[in-house]
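Everything numeric here is computed off the predicted structure, so don't read it as measured data.
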Amino acid sequence: MDVAAQVGIHFVHHNGPSPEKRMPETDGSGAAFFDYDGDGNLDLYLVNSGDLVKGRGDAWNQLYRNEGGQFTDQTAVAGVPGAAYGMGVLAGDYDNDGDQDLYLTNLGPDQLYRNEGGRFADQTTQAGLGNPLWGSSAAYLDYDNDGDLDLLVVNYVDFKLDEPKWCGRRDMNLRFYCDPRQYRPSHNILYRNNGEGTFTDVSRVAGITHQGNGLGVVCGDFDGDGDQDAYVANDLTPNWHYQNQGKGRFAEIGLITGTALSSDGAVQAGMGVDAGDYDNDGDLDLVVTNFQLENKNLYRNDGTYFPDVSFKAGIGEATLNSLGFGTFFFDYDNDGWQDLFMANGHVHDNIEVYDKLATYAQPAQLLHNEGKGRFVEQTAAAGPGFAVPYVGRGAAYGDYDQDGDLDIALMSSGRATALLRNEGGNTGHWLQVHLEGKRSNRDGVGAKVYVQAGPLRLFQQVKAGSGYQSTSQRALHFGLGQNAQAARVEVRWPSGAVQVVEGVGADQVLRLEETP
């Protein structure tokens, strides 16, 4: 159920809708679950936008401090209101000092807030950042395995406020938001962390040079070779699958792996993306959300190729009539299988005038993993929070109330944010694994964790940034089903170190520091 107001979250996203249908008005925004003050509770950062002409007004981003399940607004005290027209948020410890910093994507320029013990300082200029383009999503990865977090920023299209465009049906006097094909495509930026609080744009040297309409990004070791790759969901241009070649170079292999296009070879309106091991075979699969009447893609990792198994897995037909944005793999019922969440909402606020089968606000979807490669939609049985339609955009998961199951923060464009509390997902046992790197980056991003619990063989990789413009909790959450302990937990750190713990009791947070 939606408990946002009950726990003190009173956030309304302002997008500044206008008769001119300026494209950024329909595309934000994101959320982040992260522990900014180090007290062990997950706090929540929510991104606002404002008005493209009038400015932010009172539409500031908000930081809510979690005080044991109740939230208080600490934005002013912490100093993180944002500045430009906001889109996304990425939380992570870029300077390896032990606390979580914030990177904000905007309709230019982006911002970097450095955490200085619960208060933040804007370090954008000092860090050599300030991407002036339309930033959508961002992710951290240690692509060169040097022990600090590099930054990949995904940019959308070349939108200019002084270049208005008209799209729609003139015969109906009906104006729509334009699709990205009416604008020049943009390019992504890979910033290398110099390890001294500054970043360098290495996009061209690294081979991150392709032009497209980027919206979502996720990083992980998709080919199992020990370094981090990246995948970008593009809106009506082919998706990009960047394979890390080592020595600071990437190769774009989307057509080779089958992840660039739909199964019938068409470009789709890629929005959100996540990576997870839905079939428990020890590698990362991909999910991508798309436009209404485009099935959402489930790409199964077969080692070198990723066939689209959406319809075979049961999510193709279930998602055809929705327009998806934020998405993620997560085990909401702790049975040991990664389920799927999708935030839905149309981009046209007047779509119902034109298309009687479509709606602007749409219910989110919950797809239960039945094992053996099949999902069954459980939206109707998921409670009142899933019965309400949202103009869904970003979404993040985290166990904010520390009861052993994962809750959801759901952003709704131009509307109030929902906090969907999981009630009953903790009937099965669980284990959270919280890592602290020493030779590896402090957050352990890129670390692979394998858990053996009874017949379950589980795998996850630590990520920072995924879905759509959002950041979910960093600690890995494993559902263990009816198993009261994990016989073995194995961590393979980005540094190459391997750490094993045996006989770990269930229903706890296991905190591990990297050992030599």
Side-chain angles (χ1 to χ4, degrees), residues 32-40 42-43 45 47 61 63 65 74-75 77-83 88-106 109-131 135 137-153 189-203 206 217 219 227-228 230 248 434-447 462-466 470-475 493-495 497 511-514:
F33 272 121
F34 76 126
D35 181 6
Y36 85 93
D37 53 0
D39 66 352
L42 285 176
D43 309 302
Y45 190 82
V47 177
N61 303 348
L63 172 62
R65 182 174 186 267
Q74 296 293 306
T75 310
V77 174
V80 284
V89 54
L90 172 63
D93 185 5
Y94 81 92
D95 52 0
N96 280 340
D97 68 348
D99 50 27
Q100 296 287 292
D101 313 296
L102 290 173
Y103 182 86
L104 306 181
T105 58
N106 301 310
D110 293 357
Q111 283 181 277
L112 177 68
Y113 281 118
R114 182 176 184 271
N115 192 335
E116 299 181 343
R119 289 185 59 86
F120 291 78
D122 189 330
Q123 293 291 300
T124 310
T125 302
Q126 295 88 330
L129 299 172
N131 168 35
S137 298
Y140 282 124
L141 72 163
D142 185 2
Y143 80 95
D144 50 3
N145 279 347
D146 65 350
D148 48 33
L149 292 177
D150 310 300
L151 174 63
L152 179 59
V153 180
I189 302 178
L190 177 64
Y191 292 104
R192 183 181 183 274
N193 191 332
N194 299 320
E196 53 188 23
T198 65
F199 291 83
T200 300
D201 181 350
V202 295
S203 309
V217 62
C219 299
D227 50 30
Q228 285 209 280
H434 186 282
L435 301 180
E436 182 179 320
K438 296 300 182 183
R439 283 193 295 151
S440 304
N441 65 83
R442 184 76 175 252
D443 281 352
V445 171
V462 180
K463 296 173 292 190
S466 62
S470 298
T471 307
S472 292
Q473 73 170 41
R474 179 164 55 92
W493 295 89
S495 66
R511 298 181 181 275
L512 294 176
E513 291 186 3
E514 182 179 13

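For E514 (side chain) and A497 (main-chain N/O), no donor-acceptor pair under 3.5 Å exists by modelled atom type. In this structure, Y113 contributes its side chain and G82 its backbone to a donor-acceptor pair below 3.5 Å. Listed for the N96 side chain is a donor-acceptor partner under 3.5 Å among the backbone atoms of G147. Judged purely by atom type and a 3.5 angstrom limit, T75 has no side-chain atom pairing as donor or acceptor with the backbone of P81. Side-chain N or O atoms of Q473 include one that pairs as donor or acceptor with a backbone N or O of A475 at under 3.5 Å. For Q111 (side chain) and D122 (main-chain N/O), no donor-acceptor pair under 3.5 Å exists by modelled atom type. In terms of modelled atom types and a separation under 3.5 Å, the side chain of S203 and the main chain of L190 share a donor-acceptor contact.
Considering only heavy atoms from C-beta on, R119 comes within 4.5 Å of V77 through its side chain. Taking 4.5 Å as the limit, every side-chain heavy atom of N61 sits out of range of all side-chain heavy atoms of V80. D110 places none of its side-chain heavy atoms less than 4.5 Å from the side chain of L129.
Atom OG in S472 sits 7.5 Å away from atom NZ in K463 (nearest 0.5 Å). Residue D150 holds its CG atom at 4.5 Å from CG of D144, rounded to the nearest 0.5 Å. Separating the CD atom in E436 from the CZ atom in R511 is a distance of 9.5 Å, to the nearest 0.5 Å. The distance from the CG atom of L104 to the OG1 atom of T124 is 8.0 Å, given to the nearest 0.5 Å. Distance CG/L112 to OH/Y191: 10.5 Å, rounded to 0.5 Å. Atoms CG and OG, from L152 and S137 in turn, are 10.0 Å apart once rounded to the nearest 0.5 Å.
Among the candidates D101, D99, D95, the single residue satisfying the salt bridge (Lys or Arg N to Asp or Glu O under 4.0 Å) test with R114 is D95. When each of D201, D142, D146 is paired with R192, the salt bridge (Lys or Arg N to Asp or Glu O under 4.0 Å) condition holds for D146 and for no other. Paired with Q100 under the rule side-chain hydrogen bond (donor to acceptor under 3.5 Å, both in side chains), one option of T471, D35, D443 passes, and it is D443.
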Quick one: do N193 and L151 satisfy side-chain contact (heavy atoms from CB on, under 4.5 Å)? Show the steps, please.
CA-CA 7 Å; N193 191 332; L151 174 63; over 6 Å; no
What do the steps show when you test N441 against Y140 for side-chain contact (heavy atoms from CB on, under 4.5 Å), and what is the final call?
CA-CA 11 Å; N441 65 83; Y140 282 124; over 6 Å; no
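The shortest heavy-atom contact between G118 and A78 is O-CB, 3.7 Å. Closest heavy-atom contact between T198 and Q126: CG2-O, 3.5 Å. Scanning both residues, S495 and S440, for their nearest heavy atoms gives N-OG, 3.1 Å. Considering all non-hydrogen atoms of both residues, G195 and D148 come closest at CA-OD2, 3.3 Å. Looking at every heavy atom in both residues, H434 comes nearest to R474 through NE2-NH2, 3.4 Å. Contact detail for A91 and A464: the closest heavy-atom pair is O-CB, 4.1 Å.
Using cut-offs of 30° and 60° on the angle between ring planes, the pair Y94 and F199 is tilted. Taking the six-membered ring for Trp and thresholds of 30 and 60 degrees, Y36 and F120 have ring planes inclined between 30 and 60 degrees apart.
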